[in-house]
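Read through the structure below, which is laid out as structure tokens, and then see the notes.
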Amino acid sequence: MDAQEWDDRYRAQDRLFSGNPNGVLVTEASALEPGRALDVGCGEGGDALWLADRGWRVTAVDIAPTALRRGAALDPDGRVTWTEADLSTSRPAAGAFDLVSVQYFPLRREAGDAALRGLLDAVAPGGLLLYVGHDVSEVPADSGFRPEDYYHPADVAEQLGPQWTILADGTRPRTAPAPPGTHHRHDTVLLARFTPASATTS
């Protein structure tokens, strides 16, 4: 789906998603010390606002302006930086974020992995990458979705070099109901910390 298709999808409903934060984010980030966070594919802002409520300085990025407007409407104090961008072509600032949260974001595979590398490079020394997807084994064969066209947490784990420490990499039951019309019962989760030598010796 391109930007217009995503925006049309949001405009077709008063609210596309629940507005609640994603369960894996709540599980993994509740005890973290707040810093700077990048919410990738933020949608209507449930995750971004939850992080902001806990003191994070959040940059929320999405391709759909309607979704961003809805998020901003729930953020009258402007705690979140709402940013329209296509992360397949626009790279976030390198080394700028203590948490890069990628929740069910459909990032297409590409030769050279430039977009994925951009997300990894956005993690600051000592920061965390939280990359979450649906368990693709639960996707119906006749859905028209081709899992092999997209990056999944296990694929991302394979891209991480020795400067990363993997804290979680596996499948776990969902902590919230699946989106309407879907059958997702499990999430695949990668949590990794960027630990370059300069960060571990400083």
Side-chain angles (χ1 to χ4, degrees), residues 17 20-43 45-62 71 75 79-83 85 87-88 90-107 109 113-135 150-176 184 186-202:
F17 296 109
N20 298 319
N22 282 301
V24 176
L25 177 67
V26 172
T27 297
E28 299 296 345
S30 288
L32 295 179
E33 186 71 22
R36 292 193 61 192
L38 177 66
D39 182 8
V40 177
C42 66
D47 285 355
L49 294 167
W50 182 85
L51 287 165
D53 285 344
R54 281 148 187 81
W56 290 82
R57 301 182 303 281
V58 185
T59 298
V61 179
D62 204 279
D75 181 32
R79 297 168 301 159
V80 175
T81 301
W82 304 94
T83 304
L87 290 174
S88 67
S90 177
R91 307 287 178 259
F97 299 98
D98 304 295
L99 173 66
V100 172
S101 176
V102 186
Q103 303 281 323
Y104 313 106
F105 180 68
L107 184 63
R109 291 178 181 270
D113 306 310
L116 176 59
R117 296 308 314 176
L119 295 180
L120 301 184
D121 290 345
V123 182
L128 291 166
L129 170 72
L130 179 60
Y131 203 110
V132 180
H134 299 298
D135 183 353
Y150 299 88
Y151 295 102
H152 304 284
D155 306 319
V156 178
E158 293 176 357
Q159 298 275 349
L160 302 181
Q163 293 185 316
W164 289 86
T165 300
I166 294 178
L167 305 175
D169 181 18
T171 302
R172 62 180 72 168
R174 287 182 60 91
T175 60
H184 303 297
H186 295 82
D187 292 320
T188 52
V189 179
L190 170 66
L191 179 66
R193 187 179 298 279
F194 183 44
T195 54
S198 59
T200 58
T201 58
S202 60

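Between Q159 and R117, the closest side-chain pair of non-hydrogen atoms falls below 4.5 Å. You'll find the side chain of L107 reaches within 4.5 Å of the side chain of L116, heavy atoms only. A heavy-atom distance below 4.5 Å is not found between the side chains of V61 and V40. Between D75 and L49 there is a side-chain heavy-atom pair separated by less than 4.5 Å. L128 places none of its side-chain heavy atoms less than 4.5 Å from the side chain of V123. Residues V58 and R36 form no side-chain contact, since every pair of their non-hydrogen atoms from C-beta on lies 4.5 Å or further apart. L167 places none of its side-chain heavy atoms less than 4.5 Å from the side chain of L190. Inter-residue side-chain proximity for L129 and L191 is flagged as unmet; no heavy-atom pair is nearer than 4.5 Å.
Across all their heavy atoms, S88 and A115 have their closest contact at CA-CB, 4.0 Å. The shortest non-hydrogen separation linking A154 to D169 is CA-OD1, 4.2 Å. Of all heavy-atom pairs between P153 and G133, the closest is CG-N, 3.7 Å. Closest of all the heavy-atom pairs between P196 and P125 is CG-CB, 3.8 Å.
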Could you walk me through whether L130 and V100 satisfy the side-chain contact (heavy atoms from CB on, under 4.5 Å) test, starting with their C-alpha distance in whole Å, then the side-chain angles of each, then the deciding distance to 0.1 Å, before giving a yes or no?
CA-CA 6 Å; L130 179 60; V100 172; over 6 Å; no
D155 vs Y150, test: side-chain hydrogen bond (donor to acceptor under 3.5 Å, both in side chains). Steps then yes/no.
CA-CA 9 Å; D155 306 319; Y150 299 88; over 6 Å; no
With side-chain contact (heavy atoms from CB on, under 4.5 Å) as the test, would you mind laying out the steps for Y131 and S101 before giving the verdict?
CA-CA 6 Å; Y131 203 110; S101 176; over 6 Å; no
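Under a 3.5 Å cut-off, the side chain of S90 and the backbone N or O of A85 do not form any donor-acceptor pair. The backbone N or O of G43 lies less than 3.5 Å from a partner atom in the side chain of D62, making a donor-acceptor pair. Side chain of D39 to main chain of A48: a donor-acceptor pair is present (N/O by atom type, distance under 3.5 Å, no hydrogens or angles).
With sequence neighbours excluded, no residue forms a ring pair (Phe, Tyr, Trp, His ring centres under 6.0 Å) with F105.
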May I have the list of side-chain donor-acceptor pairs in residues 20-28 shorter than 3.5 Å, sequence neighbours left out?
{"residue": "N20", "atom": "ND2", "partner": "S18", "partner atom": "OG", "Å": "3.4"}
{"residue": "N22", "atom": "ND2", "partner": "D47", "partner atom": "OD2", "Å": "2.9"}
{"residue": "T27", "atom": "OG1", "partner": "G23", "partner atom": "O", "Å": "3.1"}
{"residue": "E28", "atom": "OE2", "partner": "R172", "partner atom": "NH1", "Å": "2.9"}
{"residue": "E28", "atom": "OE2", "partner": "R172", "partner atom": "NH2", "Å": "3.1"}

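In this structure, CZ on R193 lies 9.5 Å from CG on D98, to the nearest 0.5 angstrom. For the atom pair NE2 (H186) and NE2 (H134), the distance works out to 13.5 Å, reported to the nearest 0.5 Å. One distance of note links CG of L51 with OG of S30; it measures 9.5 Å at 0.5 Å rounding.
For the side-chain hydrogen bond (donor to acceptor under 3.5 Å, both in side chains) condition, the pairs that include at least one residue of residues 50-59, sequence neighbours left out, are D53-R79.
Between W164 and F194, the two ring planes are tilted [angle within 30° to 60°].
Judged by distance alone, the side chains of D187 and Y104 do bring a donor and an acceptor atom under 3.5 Å apart.
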